[in-house]
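First up is the structure itself, then whatever we jot down about it.
So you know, we letter chains A, B, ... as the sequences are listed, proteins then strands, and number each from 1.
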Amino acid sequence: VTEMDKGGEFADFRSSFLAEAEEHLQVIEHSVLELDSDLQSGEPDPRRLRELFRAAHTIKALAAMLEFEPVVELSHRMESILRALERHSLPFTQMVVDGLVDGARSLASMLDDIRAERNLQFPTTLLQRLDALANLAASPSPQQAEDSLSGYEQSQVDAALASGKSVYEARFTPTAESVQRGISINSVREELERQGQVVRIRPEMSPSGGGVSFVLLVATDMPASTLAARTGLEEAQFRAVERERAAEQPAMIVETSAPRSSVVRVEIGRLDELMRLVGELVISRARIARATSELELGARRDTIYSIQEGSQQMERQLRTLRDAIMRVRIVQVREAFGRMPLAVRDSARAAGKQVRLEMSGEETEVDKMLVDRLIDPLTHLVRNAVDHGIEAPAQRRAAGKPEEGTLRLSAQQSGDWIVIQVSDDGRGIDRDRVAAKAVALGFSGEEILESDEALLRALCHPGLSTREEAGRTSGRGVGMDVVRQRVREMNGTLDLSTKQGAGSTFTLRLPLTLIIVEALIARSGGQRFAIPISTVEEVAELPRDGIVAFNGSRIVQHRGEVLPLLHLNQAFHLREDRPDRPYHHALIVMVGGVRWAVTLDQMLGEQEVVVKALSDVLARTPGVIGATDLGDGELALILDISELVRHYREPGHSAAAPEENSSARRG
Amino acid sequence: VLDAARLGGEEPRSKSSQWIVFSLDQTEYLLRSSQIVQIEMVEKITPVPNSPAFVKGIAYLRGEVVPVIDLRVRLGMAPAEGGLASRIIVTETGGRRVGLLVDRARDVLYAGEEEVLPTPETATGGTSQVEGIIIRDGRLLLVIALDAILEADASLLPVDAVNSLAQELAARTTERDQDRQS
C-alpha cells in the first residue's frame, strides 16, 4: 500500500536521509528562532533567510527522492514563504514567524515518524495555514492554493482511494468553442456527479492569463476515458490523483521512543586511521600464527619471544584501535543543546513567561549515544525550569528581579566526566510543599527542609511527580523519577541545589563514554565486583580494631579524619572471605559531600571493563549499575558506590543481615 | 501470538505449534518454542545481591547479560542442584530476555493450541503460573504461564497450590511408570 516498506535497501536510504535531514533541521530550528528575535528589529537578516531557504530546499529534495510526500509538501511551503520574505513581498510578522516555527516543529515530528517507521500524515491544517500566509504575498502562487484541501475534502479523497476508487483532477477552461459545443461548467459538473462524487470545484485564474478555469476534483469508479467521453472534455484534461496526494492511512499510534539518528558522520581521515590499525593487527596476527606453527617443530627461545612480542604488540594495537573507534563516536553536545531553544520558547509562550536562554560549552565532545540519551532528560529539566522555576513577569517585578528570567545551560568536561548544568534564576523549589507531600510517602520532612540531596530524592519519587506538579508542557509523561532513571542508566549522577527566591541548579554528571571504563576489580563474599575508578578517591587498608561501633553505625579513623563506614558484604548479605585478616581493604569515596569508607574482602587490581547495562527488573539491585565480562565468561557486577552508600546507610538496612538468607542464596 | 507460534513451527501446513518439553523433578512442563531464543548449558551464573530469592543471578549468554530464574525456587521447590543435565532456557517475551534454569530440557512436542486443557480450579486456586495442561500418550504436561513467571513480584503467585499440583502429577507419573514396568 505504501512506499514505506521495510526493505533493506530502503532502510539504508532512510537512515542516511535521516542523518542528513536532521542536520538541516537543526539549522532550521536554530535560524527560525533567530528570526523570532529579528522581529524586534522589524527586518529579517537576509543571510539567515538564505540559510533557512537552503536548508528547507535540501530537505525537500531529499524527501522527494524517498517519496516522503508530507515532508516535501511542508518544506515546499516553508521555502515559498522564505522566498517571499526575501523578496519583501510578504510582510515580516509574528504570524509568519510562528508559521515557520510550527513548520520546523512539524518537520521534526515527521522525521521522528520516519525514524520509528510510522506512516507519515499530512499536517493538513498547518499546510493550509502556510498557504494562507503565502497568499498574503504580493504575487500569490496559484500552485499552492491548489494543493490545499480542507480536512473534510482530504478525508473524502482518502476514503475514495482507500476503497479502490480513482480520484481525478479535471481542469476545465470555458472557451468559445466549448460554449458552441454546449459544454459549460454546469454540464461538466452534472455529468461528473452522475459518474461519481465531486469533492471540490475551485475557480482559478487561468494560467495563460485572461479567463477563468475550473479545477474539479472527482472520486469515481470510472476510468478517465469514460469521464472524458461523457463530459466532452479531452482525456488529457483528467489527471489522476495518486496516493501521494492522499494522506497515508492513519497509522496505529505506537509510542516507541525511537532513538534519534543512529548515524554518525565520520571524517574520512578517521576511517583511514581505523583501516591502518586493522592492517597492523593483521600483521601481528600473522606473526603469532607463524610462531605457533614453528612451535610444532619444538619450542625455541626466540619463537617464544616472538609470540610474547606479538601478543604485546596486539595489545597495544587493540588499545589504539579502541581509542580510534571511540573517537569516531564522538560528537558535540550541541546536538542535544540545539533542541532546547525550541523547548524553552514553547514552554515560555504557553506559560506566559519571558525567558532568555544562555548556553555555553556546546562544543564539548561526548559519545554519540550519550547525546542521544541526554535529550529527553534535558528537555524535561529545561521545561520544568520554565514552568515551575521562573516566575511570571509581574511576580518577578514584585520580587525586584528583571521581568525576563534567565535559564542557563552549560556543558563542560571535567576529567572523564561531562558536567551539564541547568540553572534558572526563578523562585527556587518550595521545600515546605515538597516536604508536606513527601512525608506521606515515608520521607523525613526535616531532612527535606535541610538538605538539597534529600529534597531531590523526594522530587524523584514517582509518587511525587503528580499531575498537579506537572505543567502543561513538562507533564509529557516524563517526571523527575524518569530523569533520574535515565541519568542512572548513563552511569551518571544528578544533583540539585536550590535557594528559595533565587533559583535552582540541576547538575548532571555523566561519564564521557558509556562503554568502557577503567575499573578497580575486587573480590568480596566470593564474588568479583568492578568499581569505576573515577568514583573512588583512594584504596586503603583499615585495621579491624580501628573500627568503632557508634550509634548503630560504624566509624573509622583515616588520615586524621573520622569516616562513616559501610561493609559491602553486610549490605549484600555475603559471607566474608577473609575474616582472619587483621585489616580490611576499603574504598574511600565521596558521597553527597561526605567521605565514606566502604570495605570489601580484597582488591585484585585494575582493568578496563566493557559496561553492560542491567536493564531487566529481575537483575536490578540498588548499588549495582551494570555488569561486565572480565574475560573468562563470568560476569562481575559493577558497583555504583555512591548509590550503594545512599541506599544501605539507612539504619535497618545494614543491621539486618540474616546469615541463613545468604547461605540459601549462595547454595 | 498464537498465529505466530503456528507459523513459526517447522510444519506450517499442520495446525501444530512447536513446544519445548522440560522437567523439574518428575514433572514435565511446556513452553511455546516461539517464546524461546535458545537453550544453553549452564555455565557461570553471577548472583545478584538482594534480588528476589528465585533470581539465580545473571549470566553472559552470547554477548548479552541475561537474568536467570531458578524455576524450581520460582515454583516453590528446593533450589536447583545444578546437575549435568540442567539447562538454561532463554525466553523472550515483551522485549525482555530472561533465562529459566531447569533440570532437563530435551524434547520437542508438536501440539495444537486447542489441545491445551484448562487447569483444574481446585488445584491452582484460580491464578497461577500454569496456564493449562496438555495430555499426550498418557503424559501430563503443564504449560508454563511465562508472563506470570517473569513477574518480579513473587507474592502474586500462589506457590503452594502449584506445588501441590506438581506433586500430585509427579505421584501419578510415578504410578504410571510403575504400571508400565510391571
Side-chain angles (χ1 to χ4, degrees), chain A residues 254 256-257 523-530 567-575 600 609-640 643-644 647-648 653-654 656-658 660-667, chain B residues 37 40-74 76-83 86 88 90-101 146-157:
Chain A
V254 185
T256 50
S257 65
R523 176 176 290 282
S524 212
Q527 200 170 332
R528 285 176 307 177
F529 296 94
H567 287 304
L568 182 71
N569 287 341
Q570 259 171 26
F572 280 175
H573 299 161
L574 300 174
R575 209 192 287 278
L600 27 75
V609 300
V610 180
V611 180
K612 305 269 176 186
L614 287 184
S615 47
D616 196 275
V617 58
L618 292 174
R620 254 184 244 149
T621 193
V624 173
I625 49 168
T628 185
D629 173 12
L630 292 179
D632 56 4
E634 184 173 353
L635 292 169
L637 299 177
I638 303 174
L639 299 180
D640 175 349
E643 196 201 26
L644 186 83
H647 187 84
Y648 290 105
H653 273 298
S654 52
E660 53 292 357
N661 187 355
S662 89
S663 56
R665 299 231 351 103
R666 304 217 48 81
Chain B
V37 183
E40 297 276 341
M41 304 273 290
V42 181
E43 300 261 345
K44 293 160 176 169
I45 301 179
T46 301
V48 177
N50 300 336
S51 56
F54 61 83
V55 175
K56 179 83 175 170
I58 51 175
Y60 197 50
L61 300 173
R62 305 198 187 175
E64 254 192 273
V65 177
V66 178
V68 178
I69 288 178
D70 186 336
L71 198 54
R72 297 175 53 98
V73 177
R74 190 64 171 126
M77 306 175 204
E81 281 166 23
S86 62
I88 298 175
V90 183
T91 63
E92 190 169 69
T93 173
R96 291 171 67 193
R97 220 169 241 218
V98 178
L100 304 178
L101 182 62
L146 188 58
D147 289 337
I149 291 290
L150 300 186
E151 202 66 58
D153 184 0
S155 65
L156 291 177
L157 304 173

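- Partner of Leu635(A) under the side-chain contact (heavy atoms from CB on, under 4.5 Å) criterion, out of Val66(B), Val65(B), Ile45(B): Val65(B) alone.
- The side-chain heavy atoms of His573(A) and Pro49(B), taken from C-beta on, include no pair separated by under 4.5 Å.
- Going from atom OG of Ser51(B) over to atom CG of Leu614(A) covers 10.5 Å, rounded to the nearest 0.5 Å.
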Would you sort out whether Leu637(A) and Ile58(B) count as a side chain to side chain contact (heavy atoms under 4.5 Å, CB included), showing the intermediate values?
CA-CA 9 Å; Leu637(A) 299 177; Ile58(B) 51 175; 3.5 Å; yes

Test side chain to side chain contact (heavy atoms under 4.5 Å, CB included) on Ile69(B) and Leu618(A); report intermediate values, then the result.
CA-CA 9 Å; Ile69(B) 288 178; Leu618(A) 292 174; 3.6 Å; yes

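- Listed for the Asn50(B) side chain is a donor-acceptor partner under 3.5 Å among the backbone atoms of Ala571(A).
- Under the rule for a side-chain contact (heavy atoms from CB on, under 4.5 Å), the partners of Glu634(A) that lie at least two apart in sequence or sit in another chain are Arg528(A), Asp632(A), Lys44(B), Thr46(B).
- If you take OH on Tyr60(B) and OG1 on Thr628(A), they are separated by 7.5 Å, rounding to the nearest 0.5 Å.
- Looking at Val98(B), only its side chain comes within 4.5 Å of chain A, counting heavy atoms on both sides.
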